[in-house]
Peer 1: 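Quick one: the structure is below, questions incoming.
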Amino acid sequence: MKTKLVWAAAAFALSLPVSTLQAQAQAQALELKVADSFPAGHYLVRLMLKPWMDDVTKRTNGAVTFTYYPNQQIGKAADMLRLTQSGVVDIGYIGPSYVSDKMPLSEVAQLPGAFETSCQGTMAYWKTAREGVLAKQEYAPNKIKLLFEVVLPPYQVWTAKAKVDMTKDMQGLKLRTTGGAQDLTLRALGAVPVRMAAPDAYESLSRGTMDGLLFPMESVVAYGLDKLVKHATEGVSFGSFIVAYSINQSVWDKLPDDVKKAMNEASEAIEPTACAQVDKETETTKKHLQDQGVSFDPLPEATRTEMKDKLKGVGKEWANGLDSRGKQASAALKEFEGLLAAGGK
């Protein structure tokens, strides 16, 4: 009897139109693994990752769900590209700075003085990384597809002891960077870059092996560094950082069309929203840090002018160095600057 039922079910399935079978396949539940290095409650998880996941689940009527692994549970920030490429996770937080040997051109969005707000940098990077030079030269060769990202507001110099008031105050300061373009930025001002991932910064600063950090304001609080820093600069952009979540290209290619559509729509919706909220929260966070005893020290006009002048050549130096290695850095820089001028359109 059971055998007859199985054959009957198979015969019925074969009799269905292809479109009906596809619709049934697309309606099947799909669970994707997402991983990052952020601590629980990190503001970018709250403002960007979780809203995106919830939106995708809603747009697919619950067919797509996510299992989220925060706080380096599966791997460190520098491991996320490899873990995503190998399929250990489906979607990973891949910060280009942590894999600058694999994604050097993405640092075009992390050069000093390029933009003043998160949204300016975010929308320009979104275009080039989804359909421009970076999409073709970085994401495709690495077999990943960008899903959504935010470029953080301009970094400032945070110090544990003496404040930075003049350019000469930067001389010899050991400051945390994410590497690449930020290293060039600090060297141009006479400081000593100390490359490390954000989760490792607290221990190094608390031990006194660093004098301070290049960091965005929100992350100072997120990683507990507000207990260690005493001074922050204002008035000069020392670069930025890209927080990008990408999906394994093979996983993406196998997704049903309706799921791809839902993800793309969710991504287009979260981009302007997330960066606007990041920009908005900056002032609230500043008040919190001031209450914690952090002094925000606007750089004198003469210092601003001198620093900006020294930093003017960083972009060209960065591009020339990569061009000499056969990378299309000058093309990436030209496109990014054009997108900034056009408002990311």
Side-chain angles (χ1 to χ4, degrees), residues 36-49 77 93 95 97 109-122 125 149-165 170 173 175-178 181-182 185-186 189 191 193-194 196-202 204-206 210-244 273-299 303-304 307 311:
D36 61 32
S37 60
F38 292 129
H42 192 279
Y43 77 107
L44 291 176
V45 174
R46 171 172 52 86
L47 296 179
M48 183 169 65
L49 176 60
Y93 155 47
S97 283
Q110 301 180 173
L111 295 169
F115 48 85
E116 297 179 359
T117 68
S118 172
C119 278
Q120 289 171 346
T122 295
Y125 185 81
E149 52 78 29
V150 67
V151 178
L152 301 182
Y155 274 35
Q156 296 299 314
V157 174
W158 305 78
T159 49
K161 295 179 180 179
K163 74 173 183 177
V164 172
D165 193 54
M170 294 283 289
L173 280 183
L175 302 174
R176 175 264 177 184
T177 76
T178 57
Q182 287 189 6
T185 297
L186 287 185
L189 298 173
V194 181
M196 70 176 61
D200 301 324
Y202 186 96
S204 294
L205 193 60
S206 64
M210 293 192 306
D211 299 304
L213 326 134
L214 275 191
F215 234 50
M217 193 177 301
E218 296 286 348
S219 290
V220 170
V221 176
Y223 289 99
L225 295 161
D226 51 335
K227 303 176 181 64
L228 301 176
V229 297
K230 297 299 180 185
H231 299 277
T233 59
E234 286 188 324
V236 172
S237 164
F238 295 95
S240 184
F241 186 78
I242 303 156
V243 175
T273 302
C275 68
Q277 290 179 321
V278 167
D279 281 329
K280 183 178 179 181
E281 289 204 2
T282 298
E283 287 305 313
T284 303
T285 304
K286 181 179 179 179
K287 177 64 167 59
H288 165 79
L289 287 167
Q290 288 173 322
D291 292 342
Q292 291 288 102
V294 178
S295 173
F296 287 82
D297 308 309
L299 293 167
T303 301
R304 295 187 195 187
M307 284 187 172
L311 294 175

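These numbers come from a predicted model, not from an experiment.
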Peer 1: Cys275 versus Val151: any side-chain heavy-atom pair under 4.5 Å?
Peer 2: no

Peer 1: Apply side chain to side chain contact (heavy atoms under 4.5 Å, CB included) to residues Leu152 and Leu44 and explain how you reach the verdict.
Peer 2: CA-CA 10 Å; Leu152 301 182; Leu44 291 176; 3.9 Å; yes

Peer 1: Closest heavy-atom contact between Ala160 and Lys230?
Peer 2: O-CG, 3.2 Å

Peer 1: Could you state the interatomic distance from CG (Leu225) to CD (Gln292), rounded to the nearest 0.5 Å?
Peer 2: 12.0 Å

Peer 1: Just so I know, are the side chains of Val150 and Thr122 near enough to count as touching, which here means a heavy-atom distance under 4.5 Å?
Peer 2: yes

Peer 1: Ignoring hydrogens, what is the shortest heavy-atom contact between Leu111 and Ala181? Give both atom names and the distance.
Peer 2: CD2-CB, 3.7 Å

Peer 1: Are the side chain of Asp279 and the backbone of Ser118 linked by a donor-acceptor contact shorter than 3.5 Å?
Peer 2: yes

Peer 1: Does a donor on one side chain sit under 3.5 Å from an acceptor on the other, for Gln110 and Ser97?
Peer 2: yes

Peer 1: Do Asp226 and His288 have side-chain heavy atoms sitting under 4.5 Å apart?
Peer 2: yes

Peer 1: Would you say Val194 and Thr177 make side-chain contact, with heavy atoms under 4.5 Å?
Peer 2: no

Peer 1: Which pair of non-hydrogen atoms, one from His231 and one from Asp297, has the smallest distance, and what is that distance?
Peer 2: ND1-OD2, 3.1 Å

Peer 1: Taking the side chain as every heavy atom from C-beta outward, state whether Ser219 and Tyr43 have any pair of such atoms under 4.5 Å apart.
Peer 2: yes

Peer 1: What distance do Asp36 atom CG and His42 atom NE2 have between them, rounded to the nearest 0.5 Å?
Peer 2: 8.5 Å

Peer 1: What I want to find out is whether Glu218 reaches Arg46 closely enough, with some N-O distance under 4.0 Å, to be called a salt bridge.
Peer 2: no

Peer 1: Indicate the atoms forming the closest heavy-atom contact of Leu175 with Met210, along with that distance.
Peer 2: C-SD, 4.4 Å

Peer 1: Is there a donor-acceptor contact under 3.5 Å from the side chain of Gln156 to the main chain of Val236?
Peer 2: yes

Peer 1: I'd like to check Tyr155 versus Thr185 (side-chain heavy atoms, cut-off strictly below 4.5 Å). Are they in contact?
Peer 2: no

Peer 1: Search all heavy atoms of Glu116 against all heavy atoms of Pro154 and return the closest pair with its distance.
Peer 2: O-CD, 3.5 Å

Peer 1: Answer whether the closest heavy-atom distance between the side chains of Ser295 and Lys163 falls below 4.5 Å.
Peer 2: no

Peer 1: Answer yes or no: is there a donor N or O on one side and an acceptor on the other, between the side chain of Trp158 and the main chain of Phe215, under 3.5 Å?
Peer 2: yes

Peer 1: Decide yes or no for Lys287 and Asp291: does some side-chain heavy atom of the first lie under 4.5 Å from some side-chain heavy atom of the second?
Peer 2: yes

Peer 1: Just jot down the salt bridge (Lys or Arg N to Asp or Glu O under 4.0 Å) partners of Lys280, sequence neighbours excluded, or say none.
Peer 2: none

Peer 1: Whether the side chain of Gln182 engages the backbone of Ser240 through a donor-acceptor N/O pair (distance < 3.5 Å, no angle test) should be reported.
Peer 2: yes

Peer 1: Please say whether more than 12 non-hydrogen atoms of neighbouring residues, nucleotides or ligands are located less than 6.0 Å from CD in Glu234.
Peer 2: yes

Peer 1: Can you see which heavy atom on Leu213 is nearest to which on Ala201, and at what distance?
Peer 2: CD2-CB, 3.8 Å

Peer 1: Quick one: does any side-chain atom of Ser237 pair with a main-chain N or O of Pro112 as donor and acceptor, under 3.5 Å?
Peer 2: no

Peer 1: Report the C-alpha distance between Phe115 and Thr117 in whole Å, list the side-chain angles of each, state the deciding distance to 0.1 Å, and finish with yes or no for side chain to side chain contact (heavy atoms under 4.5 Å, CB included).
Peer 2: CA-CA 6 Å; Phe115 48 85; Thr117 68; 5.9 Å; no

Peer 1: Before giving the answer on side chain to side chain contact (heavy atoms under 4.5 Å, CB included), spell out for Met307 and Val164 the whole-Å C-alpha distance, their side-chain angles and the decisive distance to 0.1 Å.
Peer 2: CA-CA 12 Å; Met307 284 187 172; Val164 172; 4.1 Å; yes

Peer 1: Has the side chain of Thr303 got a donor or acceptor atom that lies under 3.5 Å from a matching backbone atom of Asp165?
Peer 2: yes

Peer 1: Any chance you could measure Leu289, atom CG, to Thr284, atom OG1, to the nearest 0.5 Å?
Peer 2: 11.0 Å

Peer 1: Verify side chain to side chain contact (heavy atoms under 4.5 Å, CB included) between Leu49 and Tyr93, making sure each step is shown before the conclusion.
Peer 2: CA-CA 10 Å; Leu49 176 60; Tyr93 155 47; over 6 Å; no

